[in-house]
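These notes are about the structure you will find just below.
It should be emphasised that the depicted structure is a prediction, and the values quoted were computed from it without experimental measurement. We number each residue from 1, following the sequence as shown.
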Amino acid sequence: MDFQKAYLISLERSPGRRRSFFRNARKAGLDVEWFPAIYGLDVDTVDYQSRGYLSENFKMKLAGSLGTLLSHVHVWEKIEADPACEVGLVFEDDAVFKRSFLKQLAAIQSEDIPEDWDMLWLGWHKLDCDEVNDVVGSPRKSEGKSVNSGHFAYLVKSSSVKKMKALLLPYDNRRSKDVLLRRNFDLFGAYFLLKKIVKTPLIGFDSVRKNINNPKRIADRPLKNMV
């Protein structure tokens, strides 16, 4: 699979996570541009409402989820606005991959991916899908906790950005981006690699989004226990 631009979503206040990611990226020969993530508690909700990103009945319930969703949406917009970028590669800063990542990605043939694809997950939590072929699967709309979740490494088509934004916006902050995507799998071309090539720490461990959603969580814990 080819891509033209890669982005890393990472909070400015998380330099340690960013250094770890870029150290890994250099070993893999991967050129990635840092996109400063949006901190949910800093969002000017009135401004975002006026621009159509947030619903009229928006209430701040999950600040971490708000920042995460807006960060991904703005990266998609950069991809869409770049005439030289047909496919973008997006990471979160807890993504971990091997030195052979680019070879693994190049080994995925375009004919292995259905033509109607909009987004391809390169890593995931608790996969539950129908196999399309030996390479990818089509996710089921499972309501199980953390099933078909994890948006830490994926490819997205520039031409699909408008469709993806329409599924998430205007946002009311009642559910996370992952849940909204999962509930709308039938409305866009969502596909998952059957064999992940990107991993992340154990589910729920040192999740910046969840730490912001729930300040009682302990932040800045070390990353370990890859899944």
Side-chain angles (χ1 to χ4, degrees), residues 1-9 28 30 32 35 65 68-69 71-80 82 85-92 94-98 100-169 175-200 203 209 226-227:
M1 286 292 291
D2 294 326
F3 68 93
Q4 289 72 49
K5 195 67 179 286
Y7 289 98
L8 168 68
I9 295 173
L30 183 61
V32 186
F35 181 88
S65 295
T68 298
L69 181 143
S71 297
H72 282 262
V73 166
H74 286 323
V75 166
W76 300 347
E77 290 172 337
K78 284 180 69 71
I79 291 170
E80 181 185 34
D82 187 343
C85 185
E86 295 183 4
V87 176
L89 171 59
V90 182
F91 294 103
E92 293 179 340
D94 58 349
V96 178
F97 40 85
K98 297 180 178 180
S100 59
F101 171 76
L102 289 175
K103 290 183 179 179
Q104 290 177 306
L105 192 59
I108 301 170
Q109 303 299 311
S110 58
E111 54 265 29
D112 292 328
I113 313 301
E115 292 184 1
D116 68 343
W117 81 276
D118 295 304
M119 187 170 286
L120 175 65
W121 275 251
L122 306 181
W124 32 260
H125 301 312
K126 298 182 180 180
L127 184 63
D128 179 25
C129 69
D130 296 311
E131 293 186 10
V132 174
N133 52 42
D134 293 337
V135 178
V136 299
S138 177
R140 302 187 183 103
K141 293 177 65 175
S142 173
E143 290 295 328
K145 184 177 181 181
S146 298
V147 174
N148 294 332
S149 67
H151 215 201
F152 49 87
Y154 61 91
L155 295 173
V156 61
K157 281 182 180 176
S158 173
S159 60
S160 301
V161 169
K162 285 185 173 62
K163 179 191 295 188
M164 302 307 304
K165 288 174 63 177
L167 295 176
L168 300 178
L169 306 178
R175 301 173 183 84
S176 72
K177 169 181 55 61
D178 276 16
V179 171
L180 292 176
L181 290 176
R182 186 167 61 212
R183 292 186 175 183
N184 288 287
F185 279 152
D186 57 332
L187 298 181
F188 70 104
Y191 294 96
F192 285 60
L193 288 185
L194 297 179
K195 183 178 180 181
K196 66 176 72 173
I197 60 175
V198 182
K199 297 182 179 181
T200 189
I203 299 170
R209 173 179 61 83
M226 307 306 294
V227 298

Requested in this report: Anything under 30° is parallel, anything over 60° is perpendicular, the rest tilted; go ahead and classify F188 against W121.
Outcome: tilted
Query raised in the report: If you count the non-hydrogen atoms of other residues, nucleotides and ligands that lie under 6.0 Å from CG in D134, is the total more than 12?
Result: no
Query raised in the report: Just wondering, do I197 and K98 contact through their side chains at under 4.5 Å, heavy atoms?
Result: no
**Report entry** Side chains of V87 and D2 in contact at under 4.5 Å (non-hydrogen atoms)
**Finding:** no
Requested in this report: Check ring-ring contact (aromatic ring centres under 6.0 Å, His included) between F91 and all other residues, then give those that pass, not counting sequence neighbours.
Outcome: F21, F97, F101
Query - Donor-acceptor pair, side chain of E92 and main chain of I9, under 3.5 angstrom - result: no
Requested in this report: Report the C-alpha distance between L8 and V90 in whole Å, list the side-chain angles of each, state the deciding distance to 0.1 Å, and finish with yes or no for side-chain contact (heavy atoms from CB on, under 4.5 Å).
Outcome: CA-CA 6 Å; L8 168 68; V90 182; over 6 Å; no
Requested in this report: Quick one: sort the W76 and H151 rings into parallel, tilted or perpendicular, breaks at 30° and 60°.
Outcome: perpendicular
Query - Candidate pair K165 and V73, rule side-chain contact (heavy atoms from CB on, under 4.5 Å), full reasoning - result: CA-CA 7 Å; K165 288 174 63 177; V73 166; 4.2 Å; yes
Query raised in the report: Would you say V198 and V96 make side-chain contact, with heavy atoms under 4.5 Å?
Result: no
Query raised in the report: When rounded to the nearest 0.5 angstrom, what distance separates OG in S138 from CZ in F192?
Result: 9.5 Å
Requested in this report: Verify side-chain contact (heavy atoms from CB on, under 4.5 Å) between I113 and V132, making sure each step is shown before the conclusion.
Outcome: CA-CA 9 Å; I113 313 301; V132 174; over 6 Å; no
Report task. Keeping the roles fixed (side chain from N148, backbone from R140), state whether a donor-acceptor pair exists under 3.5 Å. Result -> yes
Requested in this report: Report, as yes or no, whether the 6.0 Å neighbourhood of atom CG on D128 holds more than 12 heavy atoms from other residues, nucleotides or ligands.
Outcome: yes
Report task. Could you grab the distance from atom CD of E77 to atom NZ of K162, nearest 0.5 Å is fine? Result -> 9.5 Å
Query raised in the report: Do Y154 and H72 have ring centroids that are under 6.0 Å from one another?
Result: yes
Query raised in the report: Does N133 reach the main-chain N or O of D112 with its side chain, forming a donor-acceptor pair under 3.5 Å?
Result: yes
Query - Closest heavy-atom pair and its distance - G137, C129 - result: CA-SG, 3.7 Å
Query raised in the report: Is the backbone N or O of R183 less than 3.5 Å from a side-chain atom of K141, with the two atoms forming a donor-acceptor pair by type?
Result: yes
Query raised in the report: Does a sphere of radius 6.0 Å around CD in E111 hold more than 12 heavy atoms from other residues, nucleotides or ligands, not counting ones at 6.0 Å or beyond?
Result: yes
Query raised in the report: Is the side chain of S176 donor-acceptor paired with the backbone N or O of V179 at a distance under 3.5 Å, no angle test?
Result: yes
Query - Main-chain N/O of S146 paired with S149 side-chain donor or acceptor, under 3.5 Å - result: yes
Report task. Nearest 0.5 Å please: distance from the CZ atom of F35 over to the NE2 atom of H74. Result -> 6.0 Å
Report task. Please confirm whether the backbone N or O of W124 pairs with a side-chain atom of K196, one donor and one acceptor, at under 3.5 Å? Result -> yes
Query raised in the report: Are the side chain of E80 and the backbone of S158 linked by a donor-acceptor contact shorter than 3.5 Å?
Result: no
Query raised in the report: Can you tell me how far CD1 of I108 sits from CG of L155, rounded to the nearest 0.5 angstrom?
Result: 7.5 Å
Query raised in the report: Does atom CD of E86 have more than 12 heavy-atom neighbours, drawn from other residues, nucleotides or ligands, at distances under 6.0 Å?
Result: no
Report task. Determine yes or no for a side-chain-to-main-chain donor-acceptor pair under 3.5 angstrom, with N184 supplying the side chain and L180 the backbone. Result -> yes
Requested in this report: Check F152 against G123 and note the closest heavy-atom contact, atom names and distance.
Outcome: CZ-C, 3.5 Å
Report task. Look at D118 together with K157 and state whether they make a salt bridge at an N to O cut-off of under 4.0 Å. Result -> no
Requested in this report: Could you tell me the separation between the CG atom of L167 and the CG atom of L181, rounded to the nearest 0.5 Å?
Outcome: 7.5 Å
Report summary line: Between the OG1 atom in T68 and the CG atom in D178, the distance rounded to the nearest 0.5 Å is 8.5 Å
Query raised in the report: Only one of I79, V156, L102 forms a side-chain contact (heavy atoms from CB on, under 4.5 Å) with F3, so which one is it?
Result: L102
